Structure formats: structure tokens, C-alpha cells
Enquirer: 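Here it is, the structure, as C-alpha cells.
Naming: A, B, ... by sequence-line order, numbering from 1 per chain. Quick caveat, the model's predicted, so the values are computed rather than measured.
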Number of protein chains: 2
Amino acid sequence: MVPPTPAVPQGKRPTLADVAARAGVSTALVSIVMRDAKGAGAATRERVLEAAREIGYRPDARARLLRSHRSHLLGVQFGLQHPFHSDLLEGIYAVAEPAGYQIALSAVSAGRGEQRATDTLLADRCEALILLGPQAPTARLAELAGQLPVVSVARRLRGSVPGVEVVRTADDEGARQAVDHLVALGHRDIAHIDGGRAPGAADRRRGYRTAMNRHGLADRARVLPGGLTEEEGAAAARTLLAATPRPTAVLAFNDRCATGVLDILLRARVSVPDEISVIGFDDSHLARLAHINLTTVGQDIPRLAELAVGRAIARLEGAGTSGAETSGGDTSGADVPGGEAVVAPHLVVRGTTAAPVHLGPGGITPTHGSGARGASAGG
Amino acid sequence: MVPPTPAVPQGKRPTLADVAARAGVSTALVSIVMRDAKGAGAATRERVLEAAREIGYRPDARARLLRSHRSHLLGVQFGLQHPFHSDLLEGIYAVAEPAGYQIALSAVSAGRGEQRATDTLLADRCEALILLGPQAPTARLAELAGQLPVVSVARRLRGSVPGVEVVRTADDEGARQAVDHLVALGHRDIAHIDGGRAPGAADRRRGYRTAMNRHGLADRARVLPGGLTEEEGAAAARTLLAATPRPTAVLAFNDRCATGVLDILLRARVSVPDEISVIGFDDSHLARLAHINLTTVGQDIPRLAELAVGRAIARLEGAGTSGAETSGGDTSGADVPGGEAVVAPHLVVRGTTAAPVHLGPGGITPTHGSGARGASAGG
DNA sequence: TACCGTCGAACCGGTTATTTT
DNA sequence: CAAAATAACCGGTTCGACGGT
């Protein structure tokens with residue numbers, strides 16, 4: 001019934017003072033050793049480390065940053081239900097931690113708004129904020145930017161908000177690449193299922209329209225209301241199937257949306273890509289699955305993460321310029337401080353796009369495609 | 001060029017002392033007012049709040065918890081690539097914050113192991129750890145449990161680890177419900193695509209086998225190696241299609257896996273549920289999509305979250321019992337402190353299960369099903 | 001003698017500037 | 001000058017003490 005004395009006493013965790021007492025030195029010296037700073041002898045250093053190990057000492061991150069004015073803490077707000085944000089987080093960790101910065105996460109979900117998320121990050125004394133796809137009004141972002149550097153990832157802001165940096169993919173360019181690819185294959189009736197008010201949706205829509213115009217296909221352009229989910233893609237696909245003329249290619253807002261489209265086409269026995277080509281956006285894990293094998297526009301997630309973290313750190317370590325030095329129309333993707341960083345997307349061609357069977361009215365009818373792509377029942 | 005004086009000075013954020021000076025009171029009093037504690041006059045209270053508002057004061061969470069020995073901080077470790085964890089997190093926030101506890105998140109990903117994740121949580125002075133689907137060896141969990149209360153969610157531990165509480169779904173029971181449902185529909189050739197070494201996989205496998213045995217179908221039981229992803233489900237489905245006899249029903253490890261199966265069946269023109277019934281596990285968003293409409297075993301996520309947080313808080317606020325008081329075989333799902341909390345799953349019947357067309361050798365052949373379920377091209 | 005509102009000062013666990021040896 | 005100790009300090013919380021009904 002008598003439990004053995006636990007190796008580590010539960011009640012109170014060891015402090016600097018405990019280590020100091022055990023090693024027979026002052027707390028200041030222990031602090032020096034723990035931070036691997038200079039100012040301690042080799043022998044003493046060893047003795048202190050030994051003592052710390054013996055009693056299982058761990059520095060208290062909060063007490064530490066209370067004194068040192070730099071906290072080296074980046075606050076990241078993300079949406080729980082967005083796989084894309086998870087990918088970004090992975091990249092953010094990978095860049096921030098080697099650079100000597102810690103990450104404080106704060107999630108946004110149905111029951112927890114952005115206000116609450118950023119409030120806790122501020123209370124945690126983050127030095128800068130990285131917001132993934134924020135939906136907050138511009139005024140709120142400006143308010144935050146008045147207190148600390150703010151980086152908005154994947155959300156474009158109308159007009160520049162002082163103090164807020166934007167890191168995003170060139171969504172219009174991505175849509176253009178998709179349309180160009182389809183046109184090069186011979187498609188003319190290309191529809192777009194859009195993302196409504198989602199971040200990036202407006203740009204993709206515009207990029208689609210612009211590209212169609214440039215190819216002289218303005219009168220064939222069709223934008224259908226869609227969304228971010230399979231469900232919305234499926235709904236739009238049903239509409240498309242009933243449309244006349246039926247499009248020979250579809251650019252969906254993202255991969256999830258495209259997956260919904262594929263599912264409906266499959267059920268309706270419409271062959272992809274022979275009868276209809278489909279393109280997604282994001283190059284998510286989904287798109288890479290062998291049986292989906294989706295042609296898609298890839299976002300350069302590592303680069304987005306690197307830029308977001310880099311911008312935040314640059315603002316912290318550079319001159320403390322308060323105002324925003326908005327850079328004009330420079331969308332080269334270069335790392336221009338104070339402006340907008342735009343990362344180029346790249347088309348990933350997989351199995352859901354091919355030349356159309358009919359090349360439009362009066363066009364050539366090529367040899368019929370090989371039927372269903374990919375896996376049948378074989379082993 | 002001269003920017004207007006910012007409302008909130010960038011350089012230094014206001015402190016208690018600033019508020020105190022502005023309101024003409026002591027910092028002690030401001031502290032009392034900010035915490036809404038008793039001991040301050042109504043008039044003063046108002047004046048202090050006003051001053052705080054004017055200069056945009058925010059309490060520093062870390063300095064605060066440095067002094068007060070309770071931090072009211074729960075550390076949560078989760079996997080970035082697990083939608084299931086996202087759902088749990090949503091529930092955890094919903095329970096913890098109203099209970100007066102803050103959440104500190106630490107993500108596990110390819111480049112960031114569990115060791116690192118828990119290390120940062122400890123450095124942040126969390127009072128307890130909630131680990132979602134931890135893969136760490138038992139010894140590591142025991143080590144952590146020696147320092148603070150630990151709750152493992154969805155990972156069952158062989159033998160009880162002192163100080164570690166487990167909150168999980170009765171996975172075996174879920175598999176049993178699925179098999180019972182299929183058998184009641186008339187299925188006998190029921191295959192299981194398992195989850196390998198994933199948390200819960202062993203229990204689901206066992207539940208499947210046990211249920212098959214109980215129905216006298218031991219010799220028909222087939223377990224195929226699968227996994228957590230669509231890809232692995234698709235691979236297993238290809239194997240199944242080639243098998244003789246072909247099963248009339250499949251229980252997949254989870255919904256993603258089941259989706260992969262559905263996709264392959266669809267491509268192979270095998271009608272679901274007429275030719276093959278499919279059941280998933282998790283009742284994820286995926287399963288609820290109209291065009292997927294997957295019969296699945298639902299986990300009670302709000303309940304899991306509630307139990308996980310509840311256990312952690314109970315350990316913190318209850319008597320500081322250090323050792324584990326392992327409760328024996330009580331799997332009633334009741335909230336037994338110190339033991340294992342097992343939450344009952346529930347079958348959600350949707351459109352991917354139905355009576356088989358053939359009732360086995362020599363059985364009745366009912367009227368042929370109506371063909372493809374669900375949406376064709378209609379509007 | 002009772003509060004009640006308020007204040008000064010010690011304190012939490014570290015870091016850092018300034019001595020001291 | 002290097003190694004080590006002393007003490008002030010970060011931004012709050014907490015407690016004992018004090019003046020005024």
C-alpha cells in the first residue's frame with residue numbers, strides 16, 4: 001500500500017535555485033550554464049549540468065521570457081478544419097524552430113472565433129502574429145498591426161493595411177495556367193466552379209475569366225457557384241451535367257471540390273478525362289492518391305511558410321519601422337519587405353486531363369480515347 | 001511622410017504599473033480589478049477599467065501564472081495530419097475554456113516528434129497533458145506521468161501505466177455493431193480491412209473476429225492489411241475484387257479507408273450496396289457527404305473530449321493522489337477516476353449497406369436491386 | 001472591535017548589470 | 001581578464017499593515 005518514493009517528486013518542479021543549491025553555486029551561474037552562455041568554467045559547467053540532470057530540471061519558458069525582453073515567440077492562428085492550414089503549420093514549424101523561434105498555436109473553429117484566438121496569442125506575449133487565411137475585417141487586422149507585426153497568409157487585402165504583410169499564392173496565375181493547359185489540349189468549353197467568398201476565390205475567378213478572354217473564349221466562360229468542400233463540388237457537377245452544351249473541362253476551386261466533381265461524374269458514367277477533364281487546386285494529399293490522380297495547381301507550401309516566418313522575423317529583427325512601406329505592383333515573388341509576397345503556383349499534370357473527344361462544332365473527332373483511366377479490378 | 005501618432009505605441013506594451021499610474025492607484029489594486037476579485041470599491045473599479053481601456057492594457061498571461069501557483073493550462077499534443085484530432089480539439093476547447101482552463105497546443109508532424117512536442121508543453125508549465133493518439137513508448141508515458149497528470153486519448157495501453165489515464169472508444173464494440181448489422185441484413189461473407197498498427201486497429205480487428213465467431217462465421221472471416229488512408233483502402237479493395245469468393249460486405253478501418261474502397265468499386269462498376277456493402281468508422285465529415293452517404297460507426301467525439309478534459313481537471317483539483325488506482329475491468333463508460341474511460345460508439349446507418357443480392361450458397365436470390373444508388377445527372 | 005478600501009513590499013523563476021575575488 | 005557571486009529587475013499576484021469609518 002505504501003507507494004515507493006517517486007523518482008521525481010510530484011508536488012513541485014525543480015527550479016534554478018534547486019540546481020544551484022545542489023551544485024553549490026549561485027543561480028546566476030546556473031542560468032549561464034543552462035543557456036550555454038559564456039562566463040562559466042568548464043568544470044563548474046559540467047557539475048551544474050550534472051546536478052540539473054539528476055533532479056530533472058527544466059527551465060520555465062515563461063519566467064525566462066518575462067525578463068528577457070525578446071520572447072522569440074510567434075503566434076499562429078489557424079483553422080481546425082482546413083487541411084491546407086495543417087500543411088502550412090508543418091512548414092512553419094520546420095522554418096521557425098531552427099531559426100530559434102517558438103510557435104504558439106491558437107485554433108479557430110465553429111465555437112471559437114478569430115477574436116478569441118488572437119486575444120490568447122497576445123496574452124501569451126507573442127512577438128508577431130501569423131494568421132492563416134484570416135477572415136477578420138480589415139479594421140481588426142489594422143488594430144492588431146498597431147500592436148505587433150502581422151502576417152496574413154493566403155488572404156489578400158484590398159488596399160494595403162498599414163503594418164500587415166501578405167504572403168499568398170498568385171491564384172490568378174494558377175487559374176491561368178490551368179486554362180492554358182486545357183486550351184492547349186484543345187478544350188474550348190471550360191467551366192469554373194468557384195469558391196465563393198473563400199480566400200483566393202476572387203483571384204482564381206478573375207484569373208479564369210482573364211485567361212478565357214485572352215483565348216477568345218469569353219462567350220464560353222461559365223462560372224458556377226461552388227465552395228471548399230466535396231459536397232459543393234458535387235452539387236455544381238450535377239448542374240454541369242445537365243447544362244447545354246455540356247463543358248468538356250472543369251476547373252474546380254480546390255482539390256476537395258474537384259473530388260466531389262469526380263465522384264458525380266463517375267456515378268453518372270461520364271468518363272474522365274475522355275469526356276470531361278477536371279483540374280483541382282492545392283495539390284493536396286488527396287490529389288496525389290493513385291486512384292484520384294488529379295491534375296491540379298500546386299501551391300508552394302514550403303515557400304509560403306518560409307516567407308511568412310521570414311517576414312515576421314525580419315520585422316522583429318530589422319529596424320523597427322512602424323509604418324507600412326507598401327511596394328507597388330511587384331508580384332515577382334521576391335522577398336520585398338513591407339509589401340506583398342506573391343508565390344508562383346505550378347501546374348501538376350496527372351491523369352484527369354486530356355484532349356477532348358470533340359474539338360467543338362465542326363471540329364475534328366480524334367480516335368476515341370482508351371476508356372476508363374487507371375485501375376480496374378486487377379491486382 | 002510623418003505618420004500620425006499611433007493610438008497604441010508600438011515599442012512597449014502597457015503594464016499594470018502604467019494603468020496604476022494613469023488611474024492614480026497602486027498596482028495591487030489594479031491587479032484586483034483586472035481579475036474581478038473582491039476588495040476594490042465600485043468607483044475605483046470603474047476608474048481603473050477606464051484607464052486600462054484607454055491605454056489598451058492586456059494582462060500578461062505568463063507573468064500572471066508565474067506568481068499564482070496554478071497555471072490553469074492544459075497541454076494538448078495532436079497530430080497535424082489527423083482530421084480526427086482536429087475534431088477532438090474542437091471539443092476540447094469547447095469544454096476547457098468554459099471550465100476556466102487555457103489550452104496550449106503542440107503539434108506532431110513528420111519533422112517534429114512527440115518528444116519535442118511534449119518538451120515544449122512542459123516548458124510552458126502546463127498542469128496536465130492530454131495526448132491525442134500518442135505513439136510514444138509506454139516508458140516515456142510513465143516518465144511524463146511521474147511529473148504531471150497525463151491523459152491518453154484513443155490510445156489503449158497494455159496493462160495500466162501508473163499515472164496515465166486512458167479515454168477511448170470501445171473499438172471492439174463498434175466493430176461488433178457493424179458486423180451484427182451486416183449479418184442482420186443477411187451477409188455472411190464479410191471482410192475487414194484493418195488499420196495495421198494504428199491506435200484502435202487491434203481492438204477493431206478483435207471485435208470483428210469475435211463477432212464473426214459468435215455468428216458462426218469464423219471460417220468466412222477475412223482480414224486484409226489496410227491503413228488509415230484512401231490509398232490503402234483502395235489497394236485492399238483491388239485485392240478483394242479479385243478474391244474468390246468475393247465478399248458481399250466490407251468493414252473498413254475508418255472512413256477514409258472506406259472512401260478508397262468505394263472509389264475502386266465505383267470504377268470497377270460494382271454496385272454499392274447491391275453487390276457489396278461498405279461500412280466505415282468515425283462518422284467523419286466525409287461520411288456525411290450526400291454523394292458518399294456512408295454507413296459508419298460513429299465515435300462520440302464530444303464525450304471523448306469532455307472525458308479527457310474532465311479527467312485532467314479532476315486529477316488537478318482532486319486529492320493529489322500520486323499513484324494510479326487502477327480500476328479493474330469496468331468498461332461501462334462511467335467516469336471512474338484513475339481507470340480507463342471507455343465510450344460507446346454507435347452505428348450510423350446510411351446508404352452503403354443493404355441486404356446482399358445472393359444469400360450465400362443455395363440461398364435465396366431476391367429481386368435484383370435498383371442499380372446505382374443516389375445521384376445521376378438530375379437537377 | 002469590526003470591517004473596508006488601499007497600499008507597500010515580498011515573491012514567482014528566471015536574466016542581466018554590477019561588483020567582488 | 002576570467003570565474004563567480006550579488007542584486008536589481010521583468011509583470012504580475014498575494015499578504016500583512018494601515019487609516020478611516
Enquirer: For residues 101-123 of chain B, pull every pair meeting salt bridge (charged side-chain N to carboxylate O under 4.0 Å, His left out), keeping only residues two or more places apart or in separate chains.
Expert: A/Arg58-B/Asp119, A/Glu97-B/Arg112, A/Glu97-B/Arg116, B/Asp119-B/Arg140
Enquirer: Please list, pair by pair, any protein nitrogen or oxygen found under 3.5 Å from a nitrogen or oxygen in nucleotides 6-9 of chain D.
Expert:
{"residue": "D/dC9", "atom": "O4'", "partner": "A/Arg67", "partner atom": "NH1", "Å": "3.4"}
{"residue": "D/dC9", "atom": "O2", "partner": "A/Arg67", "partner atom": "NH1", "Å": "2.4"}

Enquirer: Considering every strand and a 4.0 Å limit on heavy-atom distances, what is the contact class for B/Gly41: base, sugar-phosphate, or nothing?
Expert: sugar-phosphate
Enquirer: Taking A/His85 for its side chain and A/Phe78 for its backbone only, find out whether a donor-acceptor pair lies under 3.5 Å.
Expert: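 Looks like no, no N/O pair under 3.5 Å.
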Enquirer: Can you list, by residue number, the residues of residues 30-37 of chain A that have a non-hydrogen atom closer than 4.0 angstrom to DNA chain C?
Expert: A/Ser31, A/Arg35
Enquirer: I need the A/Gln102 CD to A/Glu127 CD distance, nearest 0.5 Å.
Expert: 11.5 Å
Enquirer: Name the pairs: protein N/O against N/O of nucleotides 17-21 of chain D, kept only if under 3.5 Å.
Expert:
none

Enquirer: Return yes if some donor-acceptor pair links the side-chain N/O of B/Ser106 with the main-chain N/O of B/Leu121 below 3.5 Å, else return no.
Expert: no
Enquirer: Write down the distance between NZ (B/Lys38) and C1' (D/dC15), rounded to a whole number of angstrom.
Expert: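 From B/Lys38 NZ to D/dC15 C1': 14 Å.
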Enquirer: Could you check A/Pro59 against B/Ala42 and say which one's nearest nucleotide on DNA chain C is further toward the 5' end?
Expert: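 Its nucleotide being nearer the 5' end, the pick is B/Ala42.
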Enquirer: Taking any heavy-atom pair under 4.0 Å as a contact, classify B/Arg58: base, sugar-phosphate, or nothing.
Expert: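 Sugar-phosphate: the residue B/Arg58, judged by heavy atoms under 4.0 Å, touches backbone atoms but no base.
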Enquirer: Measure across A/Arg13 and B/Leu122 and return the closest heavy-atom pair with its distance rounded to 0.1 Å.
Expert: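 Shortest heavy-atom separation between A/Arg13 and B/Leu122 comes out as NH1-O, 2.9 Å.
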Enquirer: If you compare all heavy atoms of A/Ala17 against all heavy atoms of A/Thr27, which two are closest, and at what distance to 0.1 Å?
Expert: CA-CG2, 3.8 Å
Enquirer: Within the side chain of A/Arg168, is there an N or O that forms a donor-acceptor pair under 3.5 Å with the backbone of A/Ser152?
Expert: no
Enquirer: Just jot down the ring pair (Phe, Tyr, Trp, His ring centres under 6.0 Å) partners of A/Tyr101, sequence neighbours excluded, or say none.
Expert: A/His72
Enquirer: Taking any atom closer than 4.0 angstrom to a non-hydrogen atom of chain A, what span of DNA chain C does the protein reach, first nucleotide to last?
Expert: C/dG13 to C/dT16
Enquirer: For A/Glu90, what residues pass the salt bridge (charged side-chain N to carboxylate O under 4.0 Å, His left out) criterion, not counting sequence neighbours?
Expert: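 Once residues adjacent in sequence are excluded, A/Glu90 has no partner under the salt bridge (charged side-chain N to carboxylate O under 4.0 Å, His left out) criterion.
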Enquirer: If the condition is salt bridge (charged side-chain N to carboxylate O under 4.0 Å, His left out), which residues does A/Arg47 pass it with, not counting sequence neighbours?
Expert: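 Testing A/Arg47 for salt bridge (charged side-chain N to carboxylate O under 4.0 Å, His left out), a comparison that skips the adjacent residues, returns none.
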Enquirer: Find which nucleotide of DNA chain C each of B/His69 and B/Gly24 is nearest to by heavy atoms, and output the residue with the more 5' nucleotide.
Expert: B/Gly24
Enquirer: In chain order, what residues pass the salt bridge (charged side-chain N to carboxylate O under 4.0 Å, His left out) check against A/Arg64, with sequence neighbours excluded?
Expert: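 In terms of salt bridge (charged side-chain N to carboxylate O under 4.0 Å, His left out), with neighbours along the sequence ignored, A/Arg64 is linked to no residue.
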Enquirer: Taking CG from B/Leu65 and P from D/dG12, how many angstroms apart are they, rounded to a whole number?
Expert: 12 Å
Enquirer: Check salt bridge (charged side-chain N to carboxylate O under 4.0 Å, His left out) between A/Asp124 and all other residues, then give those that pass, not counting sequence neighbours.
Expert: B/Arg62
Enquirer: With a 3.5 Å distance limit and no angle check, can you tell me whether B/Asp87 reaches the backbone of B/Phe84 through a side-chain donor-acceptor pair?
Expert: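 The answer is no, because no donor-acceptor pair under 3.5 Å joins these two groups.
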Enquirer: Without placing hydrogens or testing angles, list every side-chain donor-acceptor pair under 3.5 Å for residues 34-42 of chain A, not counting sequence neighbours.
Expert:
{"residue": "A/Arg35", "atom": "NE", "partner": "A/Ser31", "partner atom": "O", "Å": "3.2"}
{"residue": "A/Arg35", "atom": "NE", "partner": "A/Ser31", "partner atom": "OG", "Å": "3.2"}
{"residue": "A/Arg35", "atom": "NH2", "partner": "A/Ser31", "partner atom": "OG", "Å": "3.1"}

Enquirer: Through what angle, rounded to 10 degrees, does the axis of the helix from C/dA2-D/dT21 to C/dT21-D/dA2 turn between its ends, using five pairs per end?
Expert: 60°
Enquirer: Can you measure from OG1 (B/Thr118) to CD (B/Gln147) and round to the nearest 0.5 angstrom?
Expert: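 These two atoms lie 9.0 Å from each other.
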Enquirer: Looking at every heavy atom in both A/Arg315 and A/Pro149, which two are closest together, and how far apart are they?
Expert: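 Looking at all heavy atoms of both residues, the shortest contact is NH2-CA, 3.4 Å.
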